[in-house]
Peer 1: 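Dropping a structure here in structure tokens format, bear with me for questions.
Numbers restart at 1 for each chain; the letters A, B, ... are given by sequence-line order, proteins then strands.
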Number of protein chains: 2
Amino acid sequence: MNAVEKKSGRDLSERLNTGGFRFTPQRQQVYDVLLHRHDHPTAEEVFIRSKRAMPDISMATVYNCLDALVQCGLVRLVQLERGATRYCPNMEEHCHYYCDACGTVFDVALAAGAAVGPRPRGFQVDHYEIAVHGLCAECAGKRKK
Amino acid sequence: MNAVEKKSGRDLSERLNTGGFRFTPQRQQVYDVLLHRHDHPTAEEVFIRSKRAMPDISMATVYNCLDALVQCGLVRLVQLERGATRYCPNMEEHCHYYCDACGTVFDVALAAGAAVGPRPRGFQVDHYEIAVHGLCAECAGKRKK
DNA sequence: CTAGGTGCAAAAGGTTTGCGGTTAA
DNA sequence: TTAACCGCAAACCTTTTGCACCTAG
């Protein structure tokens, strides 16, 4: 059993229970999809991939599963474009480099405790998100021509 | 004439023309709404405020105007929540502190050229967005009780 | 056993598009 | 003069909700 399988197996069940959620095959399926390829899919993409292994799964269930995973701290929301939330199973501190041309997302680790400047008086920080927009090497090359 | 009025007057016309857009009363109105109160309104909120001075303006026009302003580099998109794009007329380098409880957004200046770590090979950076989530002083206080 | 989860279908936002009439340059 | 823009309404896409049935604990 490799690391990914372990993480999506019994560990998932425990994390869900701790958060007050039940373990279900659908939640495992959705989590597996996210762990299998760290490409920050949208809910729609998670739905399509999940259907391959579980043809009867519904969109409502996918949203429900994703929300449960987010609330358990196993997955985070990423807002990079207008009108499409993406999901990221990487819970390490990192930022997202997003190619505005092809939509590819690159995870880049941050130095631990990276500071983001002074904060408003009394503001209680929960987490932060850093998104860098631009062109990936491939798209930048194409554009020059 | 104060600084804000100047910025939204002849200057706006020039910036629009430079970007290949026409100056229209609707674009001025929408820009005025954003400059008047820097509270990062959604398109819907911009529409409501614009209607007070210009009752016949339509939602489609508001989106059109906002897009034109974004393309001219006068306004930027901000994605802080699921399903609601906000608009920010502050083009200085800054990050957004967002209260997950009441939705208030605080702008905080960044040190010029603040680094966000190493970047993927060949990635051509256009701009970056830093969003800090948590609770504002007021909401954090309420939650303790 | 039963609270919570699932699938379905309909509704609810938010955003975009098509079109006939209007206007900035 | 005319390409760009406006207002309106319909379409579109993502996300949420209500409900009857099912199932994990």
Peer 1: Taking for each residue the nucleotide of DNA chain D with the nearest heavy atom, is it B/V62 or A/N17 whose nucleotide lies nearer the 5' end?
Peer 2: B/V62
Peer 1: Do you see a donor-acceptor pair shorter than 3.5 Å between the side chains of A/N64 and A/R27?
Peer 2: yes
Peer 1: Could you tell me whether A/D39 and A/R49 have a side-chain N and a carboxylate O separated by less than 4.0 Å?
Peer 2: yes
Peer 1: What integer distance in Å separates B/F23:CZ from D/dA3:C1'?
Peer 2: 18 Å
Peer 1: What's the CD-P distance between A/E45 and D/dT15, to the nearest Å?
Peer 2: 11 Å
Peer 1: Rounded off to whole Å, could you give me the CD1-to-P distance for the A/I57 and C/dG5 pair?
Peer 2: 14 Å
Peer 1: Can you tell me how far P of D/dC6 sits from CD of B/Q28, to the nearest Å?
Peer 2: 13 Å
Peer 1: Any donor-acceptor pair under 3.5 Å linking the side chain of B/D100 with the backbone of B/G134?
Peer 2: yes
Peer 1: Hey, does the side chain of A/Q26 come within less than 4.0 Å of D/dT23's phosphate (OP1/OP2), counting only N and O?
Peer 2: no
Peer 1: Please determine whether salt bridge (charged side-chain N to carboxylate O under 4.0 Å, His left out) holds for the pair B/R82 and A/D67, giving the CA-CA distance in whole Å, both sets of side-chain angles, and the decisive distance to 0.1 Å.
Peer 2: CA-CA 12 Å; B/R82 178 130 74 181; A/D67 284 350; 3.0 Å; yes
Peer 1: Checking the side chain of A/R15 only, and the main-chain atoms of A/C72 only, is there a donor and an acceptor separated by less than 3.5 Å?
Peer 2: yes
Peer 1: Is a donor-acceptor pair below 3.5 Å formed from side chain B/R22 to base C/dA25, judging by atom type as modelled?
Peer 2: no
Peer 1: By nearest atom, which of the nucleotides D/dC6, D/dG25, C/dT6 is closest to the B/T61 side chain?
Peer 2: D/dC6
Peer 1: Within this structure, what is the CZ-to-C1' distance between B/F21 and D/dC6, rounded to whole angstrom?
Peer 2: 15 Å
Peer 1: Across nucleotides 9-19 of chain C, 5' to 3', mark each nucleotide with B, S or - according to how protein heavy atoms within less than 4.0 Å reach it.
Peer 2: -----SBBB--
Peer 1: Is A/R27 close enough to C/dG5 that one of its side-chain N or O atoms is under 4.0 Å from OP1 or OP2 there?
Peer 2: yes
Peer 1: Without swapping roles, check the side chain of B/Q71 against the backbone of B/A68 for a donor-acceptor pair under 3.5 Å.
Peer 2: no
Peer 1: Side chains of A/H94 and A/D107: do they bring a donor and an acceptor to under 3.5 Å?
Peer 2: yes
Peer 1: Could you state the atom-to-atom distance from CG of B/L12 to C1' of C/dA25 in whole Å?
Peer 2: 15 Å
Peer 1: Give the rounded distance in Å between these two atoms: CG of A/L16 and P of C/dG5.
Peer 2: 9 Å
Peer 1: Would you say C/dT23 has OP1 or OP2 under 4.0 Å from some side-chain N or O of B/T24?
Peer 2: no
Peer 1: Counting C-beta onward and ignoring hydrogens, is there a side-chain heavy-atom pair between A/C102 and A/C136 closer than 4.5 Å?
Peer 2: yes
Peer 1: If we fit an axis to the first five pairs and another to the last five of the helix from C/dC1-D/dG25 to C/dA25-D/dT1, what angle do they make, to the nearest 10°?
Peer 2: 50°
Peer 1: Can you measure B/D56 atom CG to C/dT22 atom P for me and round it to whole angstrom units?
Peer 2: 13 Å
Peer 1: Hey, does A/L110 have a side-chain heavy atom less than 4.5 Å from the side chain of A/Y128?
Peer 2: yes
